[in-house]
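These notes are about the structure you will find just below.
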Amino acid sequence: MNPALRIHFAGDAAPKLTYIHPMTRLIPILLMIIGVFAMVRISAWQSGKQLVRSSRPLLNDQIDALLQRLAHTAGIDKVEV
């Protein structure tokens with residue numbers, strides 16, 4: 001049986017925590033992964049806000065007529081471009 005997993009009773013010597021050192025090596029890697037994930041989420045959120053702010057409707061009658069025909073064929077009431 002693994003000595004790190006052995007149950008210790010009162011009066012026994014304090015257990016050696018041999019698994020702590022390898023786990024502390026993983027902390028910087030985990031912090032980097034969490035940081036990168038947060039940066040990607042914030043960047044996507046800001047990009048979405050910027051796209052919504054700068055978007056404007058497409059004013060082209062030919063494209064609008066084509067999209068409305070395609071929407072009617074697909075069973076969609078109205079497509080806004």
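What you see is a predicted model, and the numbers here were worked out from it, not measured in a lab. All values below were derived from every heavy atom in this structure, side-chain atoms included, with hydrogens, water molecules and symmetry-related copies excluded.
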Requested in this report: Apply side chain to side chain contact (heavy atoms under 4.5 Å, CB included) to Arg25 and list each qualifying residue two or more places apart in sequence or on a separate chain.
Outcome: His21
If you measure from [atom1] on [X] to [atom2] on [Y], what distance do you get to the nearest 0.5 Å?
| X | Y | atom1 | atom2 | result |
| --- | --- | --- | --- | --- |
| Asp61 | Leu66 | CG | CG | 12.5 Å |
| Leu70 | Ile63 | CG | CD1 | 11.5 Å |
| Ser55 | Gln50 | OG | CD | 10.0 Å |

Can you give the donor-acceptor pairs under 3.5 Å from side chains of residues 27-47 to other protein atoms, not counting sequence neighbours?
unit_1: Ser47; atom_1: OG; unit_2: Ser43; atom_2: O; d: 2.9

Requested in this report: Kindly give the cluster partners of Leu51, where membership spreads through any ILVMFWY side chain lying under 4.5 Å from a current member.
Outcome: none
**Report entry** More than 12 heavy atoms from other groups under 6.0 Å of CD on Gln62
**Finding:** no
**Report entry** Side chains of Asp64 and Gln68 in contact at under 4.5 Å (non-hydrogen atoms)
**Finding:** yes
